2 protein chains.
Amino acid sequence: MGTTKSEIFNENQNQISLIAKAFAHPARVAILQQLFKLNTCICGDLVNEIGLAQPTISQHLKELKNLGIIKGTIEGTSSCYCIDDKVWKEMKQLFINFLNQDTNPKIKCC
Amino acid sequence: MGTTKSEIFNENQNQISLIAKAFAHPARVAILQQLFKLNTCICGDLVNEIGLAQPTISQHLKELKNLGIIKGTIEGTSSCYCIDDKVWKEMKQLFINFLNQDTNPKIKCC
DNA sequence: ATTATTTATCGTATTATTGCAATAAAATAA
DNA sequence: TTATTTTATTGCAATAATACGATAAATAAT
């Protein structure tokens with residue numbers, strides 16, 4: 001108990017929920033929006049832009065990086081992050097397929 | 001500490017993360033897919049289709065209902081759920097706008 | 001009236017997430 | 001070499017999320 005039972009769901013369902021989890025925190029949404037806006041951004045700038053402590057931002061960056069949505073390179077003492085376009089496109093397509101599902105409005109109970 | 005600091009983010013960022021949270025569990029993804037497939041579904045059928053205990057499914061249904069994505073009506077002893085098409089369309093648009101962000105591949109650090 | 005069916009709610013155990021202070025690590029500047 | 005700068009990691013506290021047994025509540029069937 002307390003743990004998600006991923007094994008009883010199919011690959012598609014688990015993938016969608018994993019990607020959704022990445023978007024399920026406003027800080028990570030803000031980080032992604034900033035990366036899209038500037039194309040490239042160093043960690044310190046994200047800390048200034050968003051109002052969370054540096055370790056907290058680092059943690060959110062790590063989660064996004066582990067999922068593959070963003071990439072990071074070290075430049076001197078600072079580290080620079082940007083969107084992985086290939087991964088983003090794949091995730092986008094998976095999500096759009098999910099969102100594009102449609103109902104038959106004639107068959108409804110409520 | 002331990003709580004998301006929603007107050008430092010804008011409306012759009014909070015909305016996207018809230019919707020994403022609804023999709024951030026495979027059981028809720030499965031419930032929504034089943035509702036799209038059958039257009040209408042009673043709770044017990046979802047319990048059989050997905051392999052989680054009845055109280056767990058009821059809880060996930062409640063979360064989706066609280067967010068407005070699904071509606072429910074009581075029919076005798078059973079209760080019937082379906083997608084709220086209007087709300088789904090709004091959420092879909094908000095999410096697609098977020099997913100459609102694009103980068104300038106020329107400006108990259110990694 | 002009694003029993004069965006179905007769902008919602010409550011209580012609780014377990015795990016996950018969020019946030020930050022303290023600190024380590026690694027490159028740069030003085 | 002000795003600061004300084006910048007980021008990652010560790011450790012911890014607090015809150016949120018997941019799951020389910022037990023039970024209530026409300027309608028159906030016998």
Side-chain angles (χ1 to χ4, degrees), chain A residues 1-9 13-14 17-31 35 40-67 70-82 109-110, chain B residues 1-9 13-14 17-31 35 40-67 70-82 109-110:
Chain A
M1 310 131 196
T3 317
T4 298
K5 294 188 161 180
S6 313
E7 67 276 9
I8 67 171
F9 300 100
Q13 289 158 347
N14 282 315
S17 65
L18 275 180
I19 303 170
K21 214 172 271 182
F23 303 152
H25 194 288
R28 293 191 290 270
V29 172
I31 287 172
L35 290 185
T40 179
C41 197
I42 65 171
C43 174
D45 293 338
L46 291 167
V47 173
N48 291 333
E49 171 70 22
I50 304 167
L52 292 172
Q54 179 269 319
T56 309
I57 296 292
S58 254
Q59 196 177 316
H60 285 304
L61 285 167
K62 194 181 177 185
E63 288 175 54
L64 292 172
K65 202 179 163 192
N66 285 343
L67 251 178
I70 66 173
K71 292 182 288 188
T73 43
I74 296 165
E75 291 188 352
T77 56
S78 59
S79 54
C80 183
Y81 289 94
C82 52
C109 62
C110 38
Chain B
M1 311 133 196
T3 317
T4 298
K5 292 188 160 179
S6 314
E7 67 276 10
I8 66 171
F9 301 99
Q13 290 158 347
N14 282 315
S17 66
L18 274 181
I19 302 170
K21 213 171 273 182
F23 302 152
H25 193 289
R28 291 191 292 269
V29 172
I31 288 171
L35 290 184
T40 178
C41 198
I42 64 172
C43 174
D45 293 338
L46 291 167
V47 173
N48 292 332
E49 172 71 21
I50 305 167
L52 292 172
Q54 178 268 319
T56 309
I57 297 292
S58 255
Q59 198 176 312
H60 285 304
L61 284 168
K62 193 182 176 185
E63 288 174 55
L64 291 172
K65 202 178 162 192
N66 284 343
L67 253 178
I70 65 173
K71 293 181 287 188
T73 43
I74 296 164
E75 292 189 352
T77 57
S78 59
S79 54
C80 183
Y81 289 94
C82 51
C109 62
C110 38

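As the structure is a computational prediction, the values presented were derived from the model and not from experiment.
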Could you state the CD-P distance from A/E75 to C/dA26, rounded to the nearest angstrom? 18 Å

Assign each of A/G51 and A/K21 the nucleotide of DNA chain C bearing its closest heavy atom; nearer the 5' end lies the nucleotide of A/K21

Scan B/L52 against the nucleic acid and name what it touches under 4.0 Å (heavy atoms): base, sugar-phosphate only, or nothing. sugar-phosphate

B/I57 CD1 to D/dA17 P, in whole Å, measures 18 Å

Length of the CD1-C1' vector between B/I50 and D/dT18, whole Å: 14 Å

Any base atoms under 4.0 Å from B/T56, or only sugar-phosphate, or nothing? Heavy atoms, all strands. base

Nearest-Å distance for atom pair CD1/C1', residues A/I74 and D/dT5: 15 Å

Applied to residues 48-60 of chain B, the salt bridge (Lys or Arg N to Asp or Glu O under 4.0 Å) test, sequence neighbours excluded, yields none

Going by side chain to side chain contact (heavy atoms under 4.5 Å, CB included), name the residues that satisfy it together with B/V29, two or more places apart in sequence or in a different chain. A/Q13, A/I16, A/S17, A/F98, B/Q33

Does D/dA28 have a Watson-Crick or wobble mate here (both distances under 3.5 Å), and if so which one? none

What residues, two or more places apart in sequence or in another chain, satisfy salt bridge (Lys or Arg N to Asp or Glu O under 4.0 Å) together with B/E63? B/R28

Could you go through B/K5 and B/I8, starting from their C-alpha distance and side-chain angles, then the distance that decides it, and tell me whether this counts as side chain to side chain contact (heavy atoms under 4.5 Å, CB included)? CA-CA 6 Å; B/K5 292 188 160 179; B/I8 66 171; 4.2 Å; yes

Heavy atoms under 4.0 Å, any strand shown: does B/K65 hit a base, just sugar-phosphate, or nothing? nothing

Separation of D/dA8 atom C1' from A/H60 atom NE2, nearest Å, is 15 Å

For A/C110, check side chain to side chain contact (heavy atoms under 4.5 Å, CB included) against everything at least two apart and list the hits. B/K71, B/T73, B/C82

Whole angstrom is fine here: how far is it from CG in B/L18 over to C1' in D/dA17? 14 Å

Answer for the Watson-Crick or wobble partner of C/dT3, both distances under 3.5 Å, is none

Could you state the CD1-P distance from B/I31 to D/dA19, rounded to the nearest angstrom? 10 Å

For nucleotides 1-7 of chain C, just jot down a letter per nucleotide in 5' to 3' order: B, S or -, based on protein non-hydrogen atoms under 4.0 Å. ----BSB

On the 0 to 90° scale, with breaks at 30° and 60°, tag the A/H25-B/F9 ring pair as parallel, tilted or perpendicular. perpendicular

Nearest to the side chain of B/T3 - C/dA16, D/dC20, D/dT15? D/dT15

For B/K62, the side chain to side chain contact (heavy atoms under 4.5 Å, CB included) test, sequence neighbours excluded, returns B/N66

Spacing between A/H25 atom NE2 and D/dA17 atom P, to the nearest angstrom: 11 Å

Nearest-neighbour nucleotide for the B/K5 side chain, C/dT17, C/dC20, D/dC20 considered: C/dC20

